[in-house]
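Written out below as structure tokens is the structure these notes cover.
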2 protein chains.
Amino acid sequence: MNRNEIRDALSPNCPVRNVLSRVGDKWSMLVLFTLEANRSQRFKELQRNIPDISQKMLTATLKMPGGDGLVRRVAFSEIPPRVEYSLTEKGQSPLPLIDNLLSWASENMADIIESRKRYLLK
Amino acid sequence: MNRNEIRDALSPNCPVRNVLSRVGDKWSMLVLFTLEANRSQRFKELQRNIPDISQKMLTATLKMPGGDGLVRRVAFSEIPPRVEYSLTEKGQSPLPLIDNLLSWASENMADIIESRKRYLLK
DNA sequence: CGGAATCCGACAGGATACTG
DNA sequence: CAGTATCCTGTCGGATTCCG
């Protein structure tokens, strides 16, 4: 029984893994955080708001696993094309969570970031 | 100005990135969650509690960036060696956060997990 | 404009073997 | 027992090009 089988056996019931599998990647949190509920944003707009995301990753993150209902996508049949994204009601549910994360970070991350810098500088 | 320079320029002030850089990897959350404050656990014990973590990754995660003060390590000079790990006070601070994450997950993750499965099955 | 498709490098992390 | 040290692979994601 190798490590992958073990993980497959455990994973379906492990919420930590499940959460991370959805929002633990490089961009999801940032995109959810940048999206707003009552104001939809166009693709380009989002890209401007997250300046260092590539087009590929933005598309991928917005589609994530084929639409799990966190993000609403509205396409207009115009030329040039226009697509607007916004948060669904469910999509808003993780936001307080992210806020918690951030306020925790502001209290506790300072020296963590320092040690991280030293670490990254080898 | 390529994407990395942009990120380097933004990153130091972006808490989302900073948080993820510390706990967004594959094992950190799980290890923090498995550690307990008032009961120290031995290396092997932790490994048993996270059955599918490799020894390499457990060591790496426990050391993370050279010790940012979340985890306490106590080594006993015995033969055979014994090393005990526990959470510091600071290490406990993210725990409520993880709890939030989990309770959010239990309410919202069900169909996310479903769509994720469909996604992973291509 | 909003993508999809392709190519490719870096690096996280697994398997294995060895050590004090 | 609690690690190091290597080696090696898969995957994430960046750059680039093409399309309706």
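Order of the sequence lines fixes the chain letters, A, B, ..., with proteins taken first and strands second; residue numbering starts at 1 for each chain.
Between the CZ atom of B/Arg17 and the P atom of D/dG13 there is a distance of 12 Å, given to the nearest Å. Going from atom CG of A/Asp25 over to atom P of C/dA12 covers 16 Å, rounded to whole Å. Rounded to whole Å, the distance from CE on A/Met57 to C1' on D/dT11 is 11 Å. C/dC1 atom P lies 14 Å from atom CD of A/Glu84, rounded to whole Å.
Side-chain atoms of A/Pro81 lie closest to C/dG2 of the nucleotides D/dG14, D/dA2, C/dG2. Nearest nucleotide to the A/Pro80 side chain, out of D/dT4, C/dG3, C/dC1: C/dC1. In the set D/dT4, D/dA2, C/dG13, the nucleotide with an atom closest to the side chain of B/Gln55 is D/dT4.
The phosphate of D/dC1 has neither OP1 nor OP2 within less than 4.0 Å of any side-chain N or O from B/Arg42. A sub-4.0 Å separation between OP1 or OP2 of D/dC1 and a side-chain N or O of B/Tyr85 is absent. Contact check, A/Arg82 against C/dG3: no side-chain N or O comes under 4.0 Å of OP1 or OP2. In this model, the phosphate group of D/dG14 is approached by a side-chain N or O of A/Lys26 to a distance below 4.0 Å at OP1 or OP2. Put simply, B/Lys63 has a side-chain N or O that comes within less than 4.0 Å of OP1 or OP2 on D/dT4.
Among the atoms of the strands shown, none is found under 4.0 Å from any heavy atom of A/Glu78. Counting non-hydrogen atoms under 4.0 angstrom, B/Phe76 reaches nothing in the nucleic acid. Using a 4.0 Å heavy-atom distance criterion, B/Lys56 is classed as a base contact.
Residues B/Lys26 and B/Ile53 fail the side-chain proximity criterion, which asks for heavy atoms closer than 4.5 Å. At least one side-chain heavy atom of A/Gln55 sits less than 4.5 Å from a side-chain heavy atom of A/Phe43.
In this structure, B/Leu87 and B/Gly91 approach most closely via the heavy-atom pair CD1-O, 3.8 Å.
Side-chain atoms of B/Gln47 and base atoms of D/dA2 include no donor and acceptor less than 3.5 Å apart.
The closest side-chain donor-acceptor pair between A/Ser86 and A/Arg72 falls under 3.5 angstrom.
The CG atom of A/Leu62 sits 6.5 Å away from the CG atom of A/Leu35 when rounded to the nearest 0.5 Å.
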